Every structure is written in structure tokens, then in C-alpha cells.
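Below is one structure; the comments refer to it alone.
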4 protein chains.
Amino acid sequence: MAETARKREGKGREGRRQRRIVRRRREILAAAARVFAGKGFAKATTREIADEADVAEGTLYNYFGGKREMLLAMAEEMETPFETAMIAVSGQDDRTAAIALFEAAFAFSETQIPFVRALLSEAWVDDELLEQFFTARWARVEERIRAYIARRIAAGAFRPFDPALGARAVVGMYLGLMLPVIRGIASLPSPEECRALAETITDLLLDGVRVRVES
Amino acid sequence: MAETARKREGKGREGRRQRRIVRRRREILAAAARVFAGKGFAKATTREIADEADVAEGTLYNYFGGKREMLLAMAEEMETPFETAMIAVSGQDDRTAAIALFEAAFAFSETQIPFVRALLSEAWVDDELLEQFFTARWARVEERIRAYIARRIAAGAFRPFDPALGARAVVGMYLGLMLPVIRGIASLPSPEECRALAETITDLLLDGVRVRVES
Amino acid sequence: MAETARKREGKGREGRRQRRIVRRRREILAAAARVFAGKGFAKATTREIADEADVAEGTLYNYFGGKREMLLAMAEEMETPFETAMIAVSGQDDRTAAIALFEAAFAFSETQIPFVRALLSEAWVDDELLEQFFTARWARVEERIRAYIARRIAAGAFRPFDPALGARAVVGMYLGLMLPVIRGIASLPSPEECRALAETITDLLLDGVRVRVES
Amino acid sequence: MAETARKREGKGREGRRQRRIVRRRREILAAAARVFAGKGFAKATTREIADEADVAEGTLYNYFGGKREMLLAMAEEMETPFETAMIAVSGQDDRTAAIALFEAAFAFSETQIPFVRALLSEAWVDDELLEQFFTARWARVEERIRAYIARRIAAGAFRPFDPALGARAVVGMYLGLMLPVIRGIASLPSPEECRALAETITDLLLDGVRVRVES
DNA sequence: AATGAATGAGATTTCATTCAT
DNA sequence: CATGAATGAAATCTCATTCAT
């Protein structure tokens with residue numbers, strides 16, 4: 001049942017304090033993400049982050065151990081909608097499932113983008129972050145796609161080809177469309193556009209570009 | 001004839017000097033690329049670059065105006081094999097042409113990778129560099145693919161779909177395979193692997209994953 | 001009333017902070033002036049300035065944008081006692097007025113000297129500084145002297161000669177006496193010496209060195 | 001007797017070599033003076049001096065031990081026309097002698113100015129240079145003027161006043177007129193102007209500005 | 001004797017982090 | 001807990017001088 005925030009977080013004053021701390025932490029993290037996204041982690045200064053979050057520099061250190069730790073916190077707190085979507089679509093036919101997944105994957109919120117952009121930026125250069133943010137997360141998605149393809153090939157529904165390669169190609173198609181958005185040189189697609197993109201790309205994947213030659 | 005080199009590069013001593021300068025410049029640039037690739041542009045220090053190039057720090061400034069200028073020099077001097085390959089394949093059938101192009105695109109040399117990795121790293125964050133290195137180069141490739149697709153659709157050879165989207169999907173597939181290589185978490189494919197990758201991916205693109213349903 | 005300081009400078013803690021900042025800024029500027037005076041602007045290092053001011057190097061940059069800005073701050077904050085003195089003496093006879101002016105001009109404080117020495121040093125070489133510090137300030141003094149001489153010639157009190165030249169000669173006499181002091185090879189005159197200097201120099205100016213030939 | 005340069009400097013080839021070296025040394029020194037005059041000793045770079053002298057940087061070190069030594073060479077080689085002029089005028093009446101001296105002192109050549117400007121600039125800040133260039137030279141001039149004034153006072157020709165102060169005032173008048181020229185904000189006076197300046201200033205000195213009151 | 005590339009000491013400046021208030 | 005001035009390590013860059021050619 002819908003317990004009050006009071007009950008959830010504690011008793012009265014203490015609960016309010018806790019909630020304020022959590023909220024402030026999130027604000028700082030979002031500010032940091034925006035700054036990192038704009039200039040990259042290394043070029044971002046704590047001064048800028050503090051200004052963006054509208055707190056003093058020293059305050060940052062009450063919530064995070066340092067600049068680096070903010071980045072790691074982002075990596076940890078990033079949500080992965082794919083995972084849940086993936087489970088939701090099991091049992092549906094290829095096309096319906098693929099479209100639903102792509103649609104979910106395209107659906108970024110405006111505020112999430114800075115986080116992803118910041119993390120991608122550093123993961124490109126920092127092995128520890130790549131491991132935490134990517135290999136551990138993204139690779140799981142790819143693995144599931146691979147397994148799915150393998151199953152469909154075994155079932156005779158898909159032509160025989162390397163499923164790992166296929167999975168990577170699928171992920172690649174997605175990247176090709178989303179990277180420009182995350183980089184900030186293409187605009188975030190509206191829900192309708194997400195749907196359309198998902199459909200087109202699914203059809204490309206399933207049937208290719210070529211007109212079927214009648215036998 | 002002993003005159004050849006002389007004539008090509010200049011007059012004896014002066015020519016030798018010129019060649020030494022060009023060679024040294026290239027060595028420094030390669031060293032810088034390796035360092036940038038490893039830690040990203042911003043975290044790389046001139047000290048490290050100098051060490052990697054085995055010269056004194058001051059020497060760097062005899063060849064480049066500064067760190068940033070090295071990056072720009074990389075962007076300018078990057079070769080783009082795609083372009084030439086693209087012209088070479090005109091007039092062949094879809095499959096042969098696509099395979100040849102992908103093969104050319106996969107064929108990076110070991111020494112080129114640090115350059116690309118370094119440039120990608122900064123282009124993710126630096127708009128000027130993105131413009132110079134990417135939008136101006138890469139976008140041209142995409143545009144040509146788009147035009148090709150549009151022509152094939154008009155000719156009735158391809159199913160009707162948004163050619164821009166298709167082009168981006170093609171580029172995306174390529175990215176999905178090459179980014180891990182450039183990032184350094186997958187190994188550079190051998191020439192044979194390049195060929196195999198090119199074939200598989202081409203077939204996926206042309207005919208999709210699905211087994212054709214007999215009519 | 002205890003409220004006075006509060007009201008003047010601000011509200012308690014904030015006022016104290018402001019005053020501390022202003023004080024610190026002045027300390028640093030004085031330290032910089034001493035170092036500049038000793039070795040010239042270009043040879044002075046931020047390290048030395050920091051040591052002289054007994055702060056860390058980084059602290060300098062919390063108060064000034066850099067070495068050059070310190071110099072400009074000096075130029076701006078320099079007081080010009082001449083101006084005020086000039087106005088004060090209007091209406092008095094030639095001799096009284098001239099003596100008062102010279103006396104005011106000779107009255108440098110020990111702490112002002114490094115500022116003037118530092119500024120002169122750079123103004124000798126830097127056109128922008130010369131403009132800001134000198135042409136704009138000093139030239140006004142000369143101009144007023146010129147106008148005065150011109151008036152007195154018109155009134156028949158002074159012999160006819162080029163007033164501009166005369167003004168420059170007056171300024172020159174002053175320079176001849178003060179430059180060694182500012183340079184640090186002559187000692188600052190005591191108030192009594194200032195008075196004596198002013199009288200002697202005034203008499204030289206008004207009547208020359210020659211004994212009057214009785215007619 | 002007008003010996004040929006050949007005989008003076010040596011025999012044939014060797015003499016030519018010697019003369020070339022001397023000439024080159026002078027060229028470099030003049031170039032250095034121009035650069036020092038423009039930006040001050042400390043901000044001037046050996047690169048600029050080499051460019052100005054149209055030789056390679058390394059060549060400078062074949063003629064001078066280093067940057068500093070160029071400055072000292074300037075101080076040594078500076079001519080002092082005052083000295084000779086001073087002797088030439090002995091025995092003439094006050095006015096004629098003073099005019100001749102001032103005229104000689106105003107007569108700078110265009111090429112001498114950079115030397116003086118460069119030396120003044122550093123002497124303002126460098127005690128060793130001040131000693132060599134000034135105290136040792138200039139002070140002698142002042143001393144002679146002082147002695148002259150003392151003699152004339154003793155002879156009853158000049159009013160009684162501190163002769164040292166008078167000497168300094170005379171030098172000061174000269175400075176007031178020449179400093180702007182050396183600094184480069186006033187133009188070098190033509191020979192006619194020199195004469196006029198000398199006369200006006202001499203009359204000011206001897207008789208002052210005031211019209212004589214008839215007794 | 002002339003050259004100019006290489007050198008590296010040293011200068012300026014930035015900025016993450018600390019800590020007294 | 002918030003603040004922001006102080007810190008000093010570290011980074012970039014300059015330039016007088018050397019030395020092999």
C-alpha cells in the first residue's frame with residue numbers, strides 16, 4: 001500500500017533531511033552530466049559543475065569523493081530500459097518483438113542523454129569505466145540477441161550465419177541511428193518517429209533491401 | 001639515376017634536411033596519436049608525447065604549435081580509403097560492389113588505428129574537430145550510399161524505404177563491427193576475416209535474416 | 001556607534017569578508033610593485049611575487065588575472081596628488097603657488113615609490129601602459145603648466161617664450177630631481193628637504209641663475 | 001697620416017676578414033639595439049635579434065657571449081659627445097658655452113636612439129648596467145656642471161644657491177626635452193630646432209621666466 | 001664562420017581538493 | 001552541511017644556448 005514518504009524514509013525531521021540529501025545528490029549528478037557531456041570529463045572543471053548545480057565548490061565534496069566519483073556514480077545509476085523490455089516481449093513473433101525492442105531502445109528522455117554522452121565519452125578512453133558501464137551491461141544485451149538469433153537459426157526460421165556477427169550488426173544499426181542523437185548533432189526522435197524508425201529498421205533486418213526475386 | 005632523388009626532393013643537403021624534418025614530424029604525430037588514443041586528448045600530457053616520441057618536450061614545439069595543433073594535423077592527414085574505393089566499384093552489381101566497399105572499409109592498418117581512436121575521442125566532445133574530421137568526410141560517404149540506394153529503389157531493384165535511413169543503417173552496421181576494434185577491445189581482423197565479414201554483412205543487408213517464404 | 005562600520009561596509013560577516021579580500025588584494029599589489037621595481041616587470045616571476053606577498057602562487061590568480069593585470073591595476077589605482085594640489089593653489093602669487101606645487105610633487109611616500117618605479121619601467125617599453133599611466137595623466141599636468149605660463153606671458157609678467165617648451169622644462173627640472181629617488185639611487189627627501197628643494201627650484205625658474213646686472 | 005685601411009688592419013686577406021668581422025659585429029649590435037628598444041631587453045628574444053640582423057641564431061654566439069653581453073657591449077661602445085663638447089667650449093662666456101653644450105647634447109643621430117633607449121630601459125632596473133652606463137658617464141657631466149656653477153657663484157656672476165642642485169636641474173631640463181624623443185613619442189629635432197631649443201633653454205636658465213622689475 | 005634543430009630549465013597558469021569559518 | 005579562499009602539484013609553452021653538420 002502507498003506508504004507515506006515519511007514512513008518510507010524515516011521519522012519526521014530525519015526523513016526530510018534524508019530526502020533533501022538524496023535530491024541534492026541527484027541535482028549535482030545531473031549538473032555534472034551536463035557539463036561532462038558538453039566538454040568531456042577531463043576538460044570539465046569542478047567550478048563549472050558547482051555553478052551549473054548552483055552550489056559552492058566545496059559542497060560537491062559533501063556528496064561525492066571527487067570528480068571521478070561522480071562519473072562512477074553516473075555509471076551505476078544509469079537505467080537500462082532494454083533489459084526490462086527484452087523480458088516483456090518474449091513469446092511474440094519476430095517482427096513484433098523486434099519493433100517493440102527498438103522502440104524501447106530509441107526512447108531516451110532528454111535528461112538521460114547527457115549521462116550517456118558523458119559516460120560514452122570517458123568509456124572510450126577509460127578501461128575501468130568501459131567495463132563497469134558497458135561490457136557489463138551492453139554486452140548482456142548483445143548476448144541475448146545472439147542467443148535469440150541462434151535459436152531462430154536452429155529453428156530454421158533464419159538463414160544460417162554467424163549469430164554473434166548478426167547480433168553485432170543489429171546493435172550497430174541501432175548505434176548508427178542513436179549516436180548522432182547522443183552526440184547532439186541530430187535531434188531526439190519523437191515517440192512517433194521512434195515507432196517509424198523501429199518498423200523500418202526491423203523490416204530491413206528481417207528481409208533486407210532487395211526486392212524478392214520471384215521463383 | 002643518382003639524380004632522381006636529388007631532383008625530386010631538392011638540391012642535395014637541403015633535400016636531406018627537408019626529408020629529415022618531414023620524417024621527424026611524422027614520428028611525433030604517430031607518438032601523439034598513440035598517447036591520445038590511450039588516455040584521450042585532454043589527459044595526455046606533452047611530457048608523455050615527448051617521451052613516446054623520444055624527443056625533448058621543447059622539440060615538439062619546433063614541429064607543432066601545441067597539443068591541439070597535433071590533433072588538427074591528424075585530422076588533416078588522415079587518409080580516407082572509402083572515397084577511392086567507392087569510385088573503383090562503380091558499374092558492378094550490388095553484391096560485388098558492397099562486398100568490395102566493406103572490405104576496403106575494414107582494412108585498417110595497425111598504425112592507423114591510434115589516429116582514428118584519438119580523433120574519435122575528441123570529436124565526441126569538440127565541435128570544430130567533428131566538423132573537420134567527420135561531418136566533412138564521413139558525411140560524404142553516407143551521402144553517396146544514400147544516393148545509391150535512392151537510385152536502386154527508383155530502378156525497382158530495392159524495396160521502397162527511406163534511403164537516408166538505409167544509409168545510416170549501413171554505416172551503423174559497419175560501426176558496430178569496427179568500433180570495438182578501434183576502441184581496442186576487439187582485434188583487428190585479418191584480410192581473410194575482412195573478406196568474410198564483408199560477405200556476411202552484405203548478405204544480411206541485401207536479403208535480411210529471414211528465410212524466404214516460398215510463394 | 002557600533003553600527004557605523006557595519007553600515008559602511010556591509011552586514012557583519014559579509015562585510016568582514018569583503019574587507020579581508022580588499023586588504024589581501026592590496027597586499028599582493030604592494031608585493032608585486034616591490035618585485036617589479038626591483039627587477040622590472042618582465043624579469044619578475046610570479047613565484048617571487050607570491051613569496052614576497054607570502055601567499056601561494058595560485059592565490060595570486062584569485063585576485064588578479066595574471067602578471068599583466070597586476071600592472072594595470074597599479075596604473076589605475078595610482079593616486080595623483082598633483083591634480084588636487086594644482087587646484088588648491090589657484091589665486092596665489094607665482095612664487096607661492098610654484099613652491100606649493102613642487103612641494104606637493106616631491107612628497108612621495110615610501111610605499112608609493114615602488115609603484116611608480118614599476119610603472120615607469122614598463123611604460124618605457126609598453127605603449128598601452130604609457131598611454132594609460134602617463135599620456136593620460138602626466139600630460140594633463142604639463143598642459144596646465146603650459147596654460148598658466150601662456151597666461152602670465154600675455155599678462156606681461158613673464159618674458160615671451162614658447163610656453164610648451166617652458167612647461168616641459170619645468171617638468172624636466174622636477175624629473176631631474178625625482179628620477180634618482182624613484183630609481184633608488186638617491187634617498188627620499190624629508191618634508192623639510194622637500195620644502196627647501198621647492199624653494200630653490202622655484203627661484204631658479206623665476207629668476208634664473210644669473211645675478212641681475214644693475215642698470 | 002691617412003694610412004690605408006689595409007695597412008691599419010693587416011695584410012690583405014687577413015685584413016679583409018678582420019674588417020668583415022667588425023662590420024658584422026656592429027650590424028648585430030645595431031639590430032639588437034632596435035629590438036631591445038622596441039620591447040625591452042627581457043622580452044626581446046634571440047630569435048628576433050637574429051631575424052632583425054638577418055643571420056642565424058647560432059651566429060649571434062660567434063660574436064657575443066649571449067644576450068646580456070650585447071647589452072654590455074652597447075654600454076661600452078656608446079659615444080658621449082658631451083665630453084668633447086665640454087672641453088671645446090671652455091673660455092667662452094656663459095651664454096655661448098651653454099648654448100653650444102645643449103646643442104651638442106640635443107644632436108642625436110637616428111641610429112643612436114635605439115641604443116640609448118635600450119640602455120636606459122635596462123639601467124632603470126639593473127644596477128650593474130646603471131653603474132657602467134650612467135653613474136660612470138653621466139655623473140661626470142653633472143659633476144662638471146656643478147663645478148662650473150660653483151666657480152661662477154664664487155666669482156659673483158651667479159646668485160648663491162646649491163650648485164649640486166643647480167646641476168641636477170640643468171640635467172633635468174635636458175631630460176625633460178629628450179626623454180620623449182628617446183622614448184619615441186616625440187620626433188628627433190632638426191639641427192635648426194636643436195639650435196632654437198638650446199637658446200631658449202639657456203635663456204630660461206640664466207635669467208628665469210620673470211620679467212625683470214626695474215629698480 | 002654559419003646554420004638551425006634540439007634541448008631542458010624555468011615561467012605562467014589552471015584546477016581538484018582541503019579546511020577554517 | 002554550506003561556503004569559497006587558499007593551496008600547490010602539474011600542465012603547457014618559451015627561449016637562451018649548444019653543437020653537429
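Note: hydrogens, waters and symmetry copies are ignored here, and every other heavy atom, side chains too, is used. Keep in mind it's a predicted model, so treat the numbers as computed, not measured. A, B, ... follow the sequence lines: proteins, then strands. Residue 1 opens every chain.
- Summarising the geometry, the separation between CG on D:Leu60 and C1' on E:dA1 is reported as 13 Å, rounded to the nearest angstrom.
- When rounded to the nearest whole Å, the span between CZ of D:Arg20 and P of E:dA1 equals 8 Å.
- In this structure, the side chains of A:Met74 and A:Phe36 come closer than 4.5 Å at one or more pairs of heavy atoms.
- Residue contacts for B:Arg68: at a heavy-atom cut-off of 4.0 Å it reaches no nucleic acid atom on any strand shown.
- C:Ile49 has its side chain within reach of C:Lys67: a pair of non-hydrogen atoms, C-beta onward, lies under 4.5 Å apart.
- Here the side chains of D:Arg20 and D:Arg16 are not in contact, with every heavy-atom distance at 4.5 Å or above.
- If C:Lys67 and D:Asp54 are placed on DNA chain E by their nearest nucleotide, the residue sitting closer to the 5' end is D:Asp54.
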Given side chain to side chain contact (heavy atoms under 4.5 Å, CB included), test B:Glu131 with B:Asp127 step by step and report yes or no.
-> CA-CA 6 Å; B:Glu131 173 56 38; B:Asp127 286 333; over 6 Å; no
CA sep, side-chain torsions, deciding dist, call: D:Phe134, D:Leu120, side chain to side chain contact (heavy atoms under 4.5 Å, CB included) | CA-CA 9 Å; D:Phe134 258 106; D:Leu120 274 176; 3.2 Å; yes
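- Between B:Leu29 and B:Tyr63 the shortest side-chain heavy-atom distance does not fall below 4.5 Å.
- Of the two residues near DNA chain F, B:Gly58 and C:Asn62, the one whose nearest nucleotide lies more 5' is C:Asn62.
- Using a 4.0 Å cut-off on heavy atoms, the residues of residues 33-53 of chain D that approach DNA chain F are D:Ala44, D:Thr45, D:Thr46, listed by number.
- Rounding to whole angstrom units, CD of residue C:Glu57 and P of E:dC15 are separated by 16 Å.
- The two atoms that bring D:Ala32 and D:Met70 nearest to each other are CB-SD, 3.8 Å, heavy atoms only.
- Between D:Tyr61 and E:dA1 there is no side-chain polar atom (N or O) within less than 4.0 angstrom of OP1 or OP2.
- Counting any heavy atom pair closer than 4.0 Å across all strands shown, D:Arg17 reaches sugar-phosphate atoms only and no base atom.
- Side-chain contact check for B:Arg183 versus A:Leu130: some heavy-atom pair is nearer than 4.5 Å.
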The dot-bracket string of DNA chain E, counting Watson-Crick and G-U wobble pairs with both distances under 3.5 Å, using [ ] for crossing pairs and | for pairs to another strand, is .||||||||||||||||||||
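- Taking atom CD1 of residue B:Ile21 and atom C1' of nucleotide E:dT3, one finds them 12 Å apart after rounding to whole Å.
- Applying the 6.0 Å contact sphere to CZ of B:Arg47 captures no more than 12 heavy atoms from other residues, nucleotides or ligands.
- Note on C:Tyr63: only backbone sugar-phosphate atoms sit closer than 4.0 angstrom, heavy atoms only; bases stay farther off.
- Residues A:Lys43 and A:Glu48 fail the side-chain proximity criterion, which asks for heavy atoms closer than 4.5 Å.
- Within a 6.0 Å radius of CZ in C:Arg68, more than 12 heavy atoms belonging to other residues, nucleotides or ligands are found.
- Bracketed by its first and final contacts, the part of DNA chain F lying under 4.0 Å from non-hydrogen atoms of chain B reaches from F:dA11 to F:dT14 in 5' to 3' order.
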